[in-house]
Amino acid sequence: MSTAKSSYAVPQWWKEAVIYQVYPSSFQSHPGATSGWGSIKDLTSRLDYLKSLGIDIVWSSPICKSPQADMGYDIADYKQIDPQKRDMKLMVDLVVNHTSNEHPWFLDSRSSRDNSKRDWYVWKKPKSVGADGTPEPPSNWARILGEANSAWNYDETTGEYYLGLFTAEQPDLNWENPVVRTTIWDVMHFWMQRGAAGFRMDVINLISKVPGYPDADIVLGRGHKYQPGLKYFVNGPRLHEYLQEMHREVLSNVGANAGELRMIFIFDVVDIDKPNVRMALKPWDVKEMKSIITHWQRVMIENDGWNSIFIENHDNPRSVTRYADDSDQWRATGAKLLALMQTTLGGTLFVFQGEEIGMRNAPTSWPIEEFEDIESINYWKKCLDLYSEDKEQLAYGRKIIDMKARDHSRTPMQWSPKENAGFCDPNVKPWMRVIDDYKTVNVEAQMTANDPTNLSVWQFWQRALRDRKERAEVFVYGDFDELDPADPKIYAYTRTSESGEKWLVVLNFSGEEIQWTMPSGIEVEFWPCSNYTKQHVEKPKKSTIPLRPWEGILGKCK
Ligand code: GLC
């Protein structure tokens, strides 16, 4: 066993804090409102709810003025909304790789080649112009949210292309221009003066592009003209320089000490089923998932890093559907298993709205028209264009939507068994369909559940968050050691505080009964927590222990 370097284990409020991600349009709509959309105003009505769950910081997906081409990730005015202050902290979603195409900066920039803001965005001449006058984009890069299209968008007015890596409605800012950077620092100061406690930085690793915008390697076949250009814009050559400047100009004023950022999201677990583009599938197994989690736990400890812990957000399907079993029989057990895992890993913990009640993916029976996200829409359009004659390919495309669409995590929050799940008034049509299981899967039912033998998913999260905070020296800052990495179904690890207090976590990532043998030398004093019981659970204290399907247990070691 190796020991953690000391600064990893230095307590900081932002390491212990539990952050809850709100997706405002689907969180809570106002009583009496007829729009069917949630809003930031109504978020405040649920702050007491979040506090009772054990949340310290709210991260809201973007709340600034936006035409909503990408649900707020296309910003038209960085300073237009005021966060409502309470006794909790607010984390602002900073989306500055790109703006909306309706942002006044872009309207200026596209107006003429010699406009003073021309250079605020990435404009390039066509690579070539065909005999018939058709221009070719400067490179073969594909759009991220619709890879059938070019990331370059031709603008008739000036005969040049602008870069929009995500969609045409999200033109990339030109970070090479120092005035752009100064303007962003100003936006950040603006939000900090208004009380923002920190920033979640949207695709911040994309702000520096390789000069020359070289063509990407060809990896997508069959009818794909454009290709993922990630190696030319992810973690680009000037990224660290820009982040250091951001730190100097903005973040150092609030006491950050790392020289750049405090923590990052590692996407390896949520990208476990991603080959080269997101809307595609790659097989994976529990062993691979274990090795990814273990790898990053160790990397942070050994290199004095800090990590965020999450398996859900607004860009991914629901975790219980993806990593466990969302059938009526196992959904709650699986959701609690995932809660136990996350609340016992090192890093700052992020919970996504609805995860605390084990919300599942939209059912496969939903017609395709229910999917509202621009990525799903573009993807389905591509399937229809390329495979209209190929039933098998179309069915595969639909399967990908069922498994991976971002819509799954964006359905309205299920507050109660009332019509529309209490998200909006009963007579109002919510902007996105509510998942049909809301009568049983909802906050009200789970908060008030009174099962003498077991906790609801919500109650389990609440207790697990409290236990994590009470034993932060173990679960937030402790050392991490995996046991039995070769086991294909059981994820087992210990967390050990600097003072030597050791806890064992054993998670059965399968629907089977398993007899798992602990490595010799490990002995448990008692098992205070299981996702099958309300209190402690009776299990052997050493050697071989039986685990039920999707069972997770926590033991205090001798
Ligand atoms: C990030 C966001 C995603 C958005 C994209 C473009 O990946 O999380 O929702 O579409 O950036 O801003």
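This structure is a prediction, so every number in the text was calculated from the model and none was measured. Heavy atoms only: backbone and side chains are in, while hydrogens, waters and symmetry mates are out. One is the number of the first residue; the rest follow in order along the sequence.
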Next on the checklist: For the CD atom on Glu512, are there more than 12 heavy atoms of other groups (residues, nucleotides or ligands in this structure) within a distance under 6.0 Å?
Outcome noted: yes
Checklist entry - For Glu470, does the CD atom have more than 12 heavy-atom neighbours from other residues, nucleotides or ligands under 6.0 Å away? => result yes
Checklist entry - So Trp550 and Asn508, side-chain hydrogen bond (donor to acceptor under 3.5 Å, both in side chains) or not? Walk me through it. => result CA-CA 5 Å; Trp550 304 108; Asn508 179 6; over 6 Å; no
With a 4.0 Å cut-off, would you call [X] and [Y] a salt bridge?
X: Lys231; Y: Asp217; answer: yes
X: Asp467; Y: Lys469; answer: no
X: Asp484; Y: Lys489; answer: no
X: Asp273; Y: Lys404; answer: yes

Next on the checklist: Using side chain to side chain contact (heavy atoms under 4.5 Å, CB included), reason through Ile57 and Trp13 one step at a time and then give a plain yes or no.
Outcome noted: CA-CA 11 Å; Ile57 300 180; Trp13 67 267; 3.6 Å; yes
Checklist entry - Mind checking whether Phe27 and Trp415 have parallel, tilted or perpendicular rings, split at 30° and 60°? => result perpendicular
Checklist entry - Between Phe526 and Trp503, how do the two ring planes meet: parallel, tilted or perpendicular, split at 30° and 60°? => result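 Perpendicular, since the angle between the ring planes exceeds 60°.
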Minimum heavy-atom separation for [X] to [Y], with atom names?
X: Gln446; Y: Ile357; result: NE2-O, 3.0 Å
X: Val203; Y: Asn97; result: CG2-CB, 3.9 Å
X: Ala421; Y: Val434; result: CB-CG1, 3.8 Å
X: Gly358; Y: Ala335; result: CA-CB, 3.9 Å
X: Cys557; Y: Ile522; result: SG-CG2, 4.4 Å
X: Ile144; Y: Glu375; result: O-OE2, 4.3 Å

Test item: side-chain donor near acceptor, [X] and [Y], under 3.5 Å:
X: Tyr491; Y: Thr294; result: yes
X: Asp93; Y: Tyr73; result: yes
X: Thr344; Y: Tyr493; result: yes
X: Asn531; Y: Thr333; result: no
X: Asn442; Y: Ser416; result: no
X: Arg322; Y: Asn316; result: yes
X: Thr544; Y: Gln515; result: no
X: Thr453; Y: Tyr532; result: no

Once side chain to side chain contact (heavy atoms under 4.5 Å, CB included) is applied, do any residues pair with [X], and if so which ones, sequence neighbours excluded?
X: Gln462; answer: Leu53, Trp458
X: Ile377; answer: none
X: Pro363; answer: Ser365, Trp366, Ile435, Asp436

Tell me every residue that passes salt bridge (charged side-chain N to carboxylate O under 4.0 Å, His left out) with [X], counting only those two or more places apart in sequence or in another chain.
X: Arg398; answer: Asp402
X: Glu372; answer: none
X: Asp271; answer: none
X: Asp315; answer: Arg406, Arg410

Checklist entry - What do the steps show when you test Glu392 against Tyr387 for side-chain hydrogen bond (donor to acceptor under 3.5 Å, both in side chains), and what is the final call? => result CA-CA 9 Å; Glu392 228 168 82; Tyr387 316 122; over 6 Å; no
Checklist entry - According to the salt bridge (Lys or Arg N to Asp or Glu O under 4.0 Å) rule, which pairs have a member within residues 536-556, sequence neighbours left out? => result Glu525-Lys556, Lys539-Glu551, Arg548-Glu551
Item to check | Derivation of the side-chain hydrogen bond (donor to acceptor under 3.5 Å, both in side chains) call for Ser456 and Gln459 | outcome: CA-CA 5 Å; Ser456 69; Gln459 291 164 334; 3.3 Å; yes
Checklist entry - Pick from Arg495, Arg298, Lys502: which one makes a salt bridge (charged side-chain N to carboxylate O under 4.0 Å, His left out) with Asp479? => result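 For Asp479, the salt bridge (charged side-chain N to carboxylate O under 4.0 Å, His left out) check succeeds only for Arg298.
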4.5 Å side-chain heavy-atom contact, [X] and [Y]:
X: Pro549; Y: Trp330; answer: yes
X: Ile553; Y: Leu547; answer: yes
X: Met201; Y: Val95; answer: no
X: Arg468; Y: Val476; answer: yes

Item to check | CD1 on Ile490 to CG on Leu483, rounded to 0.5 Å | outcome: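 Reported to 0.5 Å precision, the distance equals 11.5 Å.
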Report the residues that fulfil side chain to side chain donor-acceptor pair (under 3.5 Å) with [X], sequence neighbours left out, ordered by chain and then residue number.
X: Lys15; result: none
X: Lys381; result: Asp385
X: Gln297; result: none

Checklist entry - Can a cation-pi geometry be assigned to Lys336 and Trp461, taking NZ or CZ under 6.0 Å from the six-membered ring centre and within 45° of the ring axis? => result no
Checklist entry - Should Glu498 and Glu473 be marked as a side chain to side chain contact (heavy atoms under 4.5 Å, CB included) after you check the CA-CA gap, both sets of side-chain angles, and the distance that decides it? => result CA-CA 7 Å; Glu498 276 189 333; Glu473 65 287 3; over 6 Å; no
Item to check | Pairs touching residues 345-362 that satisfy side-chain hydrogen bond (donor to acceptor under 3.5 Å, both in side chains), sequence neighbours left out | outcome: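 Only Tyr20-Glu356, Tyr49-Glu356, Trp306-Thr348, Asp328-Arg360, Gln342-Glu355, Arg360-Asp437 qualify under side-chain hydrogen bond (donor to acceptor under 3.5 Å, both in side chains).
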Checklist entry - Under 3.5 Å, is there a donor-acceptor pair between the side chain of Asn307 and the main chain of Gly347? => result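 No; zero donor-acceptor contacts below 3.5 Å.
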Next on the checklist: Before you tell me yes or no, could you show the steps for Arg143 and Phe166 under side chain to side chain contact (heavy atoms under 4.5 Å, CB included), namely the whole-Å CA-CA distance, both residues' side-chain angles and the distance that decides it to 0.1 Å?
Outcome noted: CA-CA 5 Å; Arg143 234 180 238 175; Phe166 285 90; over 6 Å; no
Checklist entry - side chain to side chain contact (heavy atoms under 4.5 Å, CB included) between Phe350 and Met91: does it pass, once the steps are laid out? => result CA-CA 12 Å; Phe350 286 70; Met91 180 182 242; 4.2 Å; yes
